[in-house]
Amino acid sequence: MIKGEKFFHPDRLPTIWCPGCGNGIILHAAMETLEELNVAQSDTICISGIGCSSRSATYTKFDEVHTLHGRAIPFATAIKLCRPDKKVIIFTGDGDSSAIGGNHLIHAARRNIDITVIVFNNNIYGMTGGQVSPLTPSLKKGTTARFGNFETPFDMVKLVEGAGATYVARTGTFYYKKMKQYMKKAFTRKGFSLIEVLSQCPIYFGRLNKNPDPYDMMLAQKDILISKQKAEQLSKEEIGNRLIMGELVENNDQLSYLERREQLLKEVRGS
Amino acid sequence: MSIQKEILQGAQACVKGAMEAELGFFAGYPITPSTEIAEILSTELTKEGKIFIQMEDEIASITAVIGASLAGQKAMTATSGPGFSLMQEGLGYACIVEAPLVLVNVQRGGPSTGLPTKVAQGDIMQSRWGTHGDHPMIVLSPDSVQELYELTIRAFNLAEQYRNPVIILTEETISHMREKVLIDTSKKPHLIKRAKPELRTGETYLPYGKLVDDVPIIGNIGDGYGTSITGLVHMENGFQSANFEVADRLIRRLNRKIENKIQDIFEIEVINPDAETMFISYGVASRTIKSLIYSGHDEIGLIRVKTLFPIDPEQIRKYALKAKKVIVSELNLGQYYYEMQRILPEKKVHLIEKIGGELIAPKEMLRRIEELND
């Protein structure tokens, strides 16, 4: 058996994902990590929103809720509060988390609620056929931006850092080992953690932007994602659309939502 | 029997009912005129170690409530007007995944921001059909602070029994007014608890596979059964499907589980059943008619609808058909009136309505009865 395989429903495969899609790489990394952490099937709850990446939860054997577009976080917040002993993981996409779910995202970070959000960032709305998202880089094309995206994208890491997230990392599907390393940390810590994983959508983002080969798209991540040290040597113009990767926020001093709630309950109700 | 007498505000009575029903989770967002319910619950729930959370908006509130419900808690939210509009997305989701929940909508004047501090009954059709698709809905309408207390407990029982959202459609006036409430403290109210799956060895768990009266026995999220929940049309194993038969079977079952139990769910109160002039009314609007009857107007009767949806036409027809004149009275431009026309096709149904944030005074009602054309 392949590592992580025991957490999949074999009867639900194959996935709906297109050939060359990066979603399977990210989901598999998560499942492998959970197996390496010796997590029992009953210890984890997977929540997702709507979109290609959000189908991830439905292929797993965990208790899982495939929710509404953008709303995975409030569902997960409530479920974590009701089941504080369980690990709660969210699988979401760039549109799901940063557009329709943007408000929930920043508030979950502000609360420092004890959940892990894994953002599958393929720079585009895949399920609806290739529209630009708030994480589509400037000048890149989508079916709703045929002449190039003239809006400025969010920097997801800075967004949730500003909102109060206590662990934020960014990597890509090209960097499988790093991805698992960050997941391991996120899954075992308290508070709000988010991992943005740059992923490839060859069918829509790739074709619309003249790079439809999944292998080339993954290789391109070596140029798009740069380390903090490298970024420090480059000018703003040289950085351009490039994104900084690594563990970018790690704050272990802040109490998590559940820890603060426990404190409050002790004060109100006595120990 | 030991009866405890209290003067309570509507919102307080609603909270009391919810706590009696063992509410475990409340999520909400401040909005007039429902805010008091959240304010009181933030204290009451926290004192008991239960969960209160103020969310970032009403969409987050209803989805958090669904999450808590799926995780096994009795869960509730309260809102008004624009907040109720935002919650429609979540209500549809709760219907299709069959998550029990209670939503208290303290109605204010609309449309839009409208009249935040004034009474209205403009959300009747939205409560029934506000979310898209064919879905069942249970809607209760209390006419007093006492009944708001009682129907809150009933709402939780109905929600748990049928695994469906239940809307308590009250009004600014009932939620803000103070009235005498009688509570029997000698016994706990009868509470319905949802069943948990019991698997025989070797049996495959199907969250939507085991039905009792068309209601599935779904394992709580977190219990580790491997429960799959999705707002997509789904098969018995909870996984999505776009198959015609699967979709047809699911949507019909969702509606049937409520329709087949209409006689248990639908409740009315009838006063002067043989009166020549029979009113059909509900909630705060029905109090004007009651006040006329209690001041000696025996020519007037009242069918007071306590369950707005689902409607049992027979129970209303039984009293309405024998009356000479049938009048629907409500604080909107005729939302329930259309429903009554639908179920009484052989009868001319009149409407005495009022909008703008005021109740119909008894004297005004008498004048408007006179003015009706046959």
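The structure displayed is predicted, hence computed values, not measured ones. Letters go in sequence order (proteins before strands), and every chain restarts at 1.
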Strictly less than 4.5 Å between heavy atoms, which residues of residues 31-45 of chain A line up against chain B? Please order them by number. Gln41(A), Ser42(A), Ile45(A)
What class does the angle between the rings of Phe8(A) and His28(A) fall in, given that below 30° is parallel, 30 to 60° is tilted and above 60° is perpendicular? parallel
Which class fits the ring pair His69(A) and Tyr125(A): parallel under 30°, tilted 30 to 60°, perpendicular over 60°? perpendicular
Using heavy-atom distances under 4.5 Å, tell me whether [X] contacts chain B through its side chain, its backbone, both, or neither.
X         : result
Lys86(A)  : side chain
Thr58(A)  : both
Leu264(A) : side chain
Phe7(A)   : neither
Arg111(A) : side chain
Val65(A)  : both

Do NZ/NE/NH1/NH2 and the carboxylate oxygens of [X] and [Y] come within less than 4.0 Å?
X         : Y         : answer
Glu44(B)  : Lys47(B)  : yes
Arg83(A)  : Asp223(B) : yes
Arg194(B) : Glu98(B)  : no
Glu64(A)  : Arg12(A)  : yes

Asp63(A): which of Thr227(B), Asn220(B), Leu70(B) passes side chain to side chain contact (heavy atoms under 4.5 Å, CB included): Thr227(B)
Test applied, side chain to side chain contact (heavy atoms under 4.5 Å, CB included); reference residue, Cys52(A); option that passes from Asn23(A), Asp96(A), Thr128(A): Asn23(A)
Of all of Ser69(B), Gly231(B), Ala68(B), Ser228(B), which one pairs up most often with chain A through heavy atoms under 4.5 Å apart? Ser228(B)
Can you say whether Glu89(B) sits under 4.5 Å from chain A via the side chain, the backbone, both, or neither, judging by heavy atoms? both
What part of Ala27(B) lies closer than 4.5 angstrom to a heavy atom of chain A: side chain, backbone, both or neither? neither
Would you say the side chains of Thr230(B) and Gln240(B) form a donor-acceptor pair under 3.5 Å? no
Would you say the side-chain atoms of His135(B) pair up with the backbone N or O of Gly133(B), donor to acceptor, closer than 3.5 Å? yes
